[in-house]
Protein chains: 2
Amino acid sequence: MAAMDAADQIRASGYRMTRQRQLVWDVLHGAERHLSADELLDAIRDHDPDLNLSSVYRTLALLVELGLAQEVRLGDAVSYWEPAHAQDEDHLICDTCGKVLHHPSELVDQIREHLRGHGFEAKDVKLVVHGQCPECGDRKVDSH
Amino acid sequence: MAAMDAADQIRASGYRMTRQRQLVWDVLHGAERHLSADELLDAIRDHDPDLNLSSVYRTLALLVELGLAQEVRLGDAVSYWEPAHAQDEDHLICDTCGKVLHHPSELVDQIREHLRGHGFEAKDVKLVVHGQCPECGDRKVDSH
DNA sequence: GTATATGCAAAGTCTTTGCATCGTT
DNA sequence: AACGATGCAAAGACTTTGCATATAC
């Protein structure tokens, strides 16, 4: 059973596969960190100078509709985007180096269970943590 | 030691106390849920029809500067505002009744400790959970 | 060939800012 | 009286939309 790639899934859903959609998906999928629509456009223009920002937005909306991408709001005015991973509900943002980590752990499940114990049935959990990642923390001596 | 109210604190910080600032503070402080700048304005206009949206924004910025209010981003385009409580780092949003609860618990501390155990020093933790609150959950029978 | 996707420009939403006037100190 | 705060309108940042053209199927 060959895995369906994004192009297949787009076509299988009755949409057309275009150069622009492929570019957006490739860059989004290959990115190490979250990108805003604008940053995505910049990155794509290295490969192909002719792509419009509105196409980026329209493609992102399509990818979200198909469950291939998701929007992330980190607390700024802009939205960031990443390939969809249901488990990536937590975002650890290092304020020193700027990296955004996903914490591959049971943390979100723990939160869910904790809340269930208090009667709140959690459907969607979003955890955004600013702080200092292990690498950056190592370089800084504790204050006392 | 009499507690300093918002008006005192504004004056003590060298700012002037105005009708507009008082209104914003009163409504913000008395609100049961998070309000956007626009909603805040609507609520205030019940008391006083002459208040400009830009004054609302400017007052909110001032209150944040003084540590009296804080901005909350729940995942929409708009910002919401509430009186500052360091402990209110979690927002439980009921998708059925729309209420926003603060979970008065040790949950955020647990998250912090969990992450510390993994080497990430959390400074600012934001937890936004959509789901169903105890009251609304009770009214709905489990699917099997 | 036809219907969908794109590019461009215009509009929309939320927030901020410049400037003359008003109001607190 | 002086200087900070307000109202108004204009501009800014980010995103969406209308429409003619281009392109995938």
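Just so we're on the same page: letters track the sequence lines, and every chain starts at 1. Worth knowing before you read on, the calculation uses all heavy atoms, side chains too, and leaves out hydrogens, waters and symmetry mates.
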Legend entry - Criterion side-chain contact (heavy atoms from CB on, under 4.5 Å) against A:His34, the qualifying member of A:Val72, A:Leu28, A:Val78, A:Leu40: A:Val72
Inset, instruction - Verify the contact: side-chain N or O of A:Ser36 to OP1 or OP2 of D:dC14, cut-off strictly under 4.0 Å; return yes or no. - result: no
Inset, instruction - Tell me which nucleotide among C:dA5, D:dG4, D:dC25 gets nearest to the side chain of A:Met17. - result: D:dC25
Inset, instruction - Check whether any side-chain nitrogen or oxygen of B:Gln20 sits under 4.0 Å from OP1 or OP2 of C:dG23, and answer yes or no. - result: no
Inset, instruction - Using only side-chain N and O atoms of A:Ser79, determine if any of them is under 4.0 Å from OP1 or OP2 of D:dT15. - result: yes
Legend entry - Distance in angstrom units between A:Leu62 CG and C:dA5 P, rounded: 8 Å
Inset, instruction - Check the distance between C:dC22's C1' and B:Arg21's CZ and give it to me in whole angstrom. - result: 14 Å
Legend entry - Interatomic distance where CZ belongs to B:Arg19 and P belongs to C:dC22 [whole Å]: 14 Å
Inset, instruction - To the nearest Å, give me how far apart CD (A:Gln22) and C1' (D:dT23) are. - result: 16 Å
Legend entry - Separation of atom CG in B:Asp42 from atom P in C:dC14, rounded to whole Å: 12 Å
Legend entry - Presence of B:Arg11 side-chain N/O under 4.0 Å of C:dT25 phosphate oxygens OP1/OP2: yes
Legend entry - DNA chain C contacts among residues 49-61 of chain B, heavy-atom distance under 4.0 Å: B:Leu53, B:Ser54, B:Tyr57, B:Arg58
Legend entry - Spacing between A:Asp8 atom CG and D:dA24 atom P, to the nearest angstrom: 17 Å
Legend entry - Integer-rounded Å distance: D:dT15 P and A:Trp81 CH2: 8 Å
Inset, instruction - Choose from C:dT15, D:dT6, D:dC25 the nucleotide whose nearest atom is closest to any side-chain atom of B:Ala37. - result: C:dT15
Legend entry - Gap between atoms CG and P, on B:Leu41 and C:dT15 respectively (whole Å): 12 Å
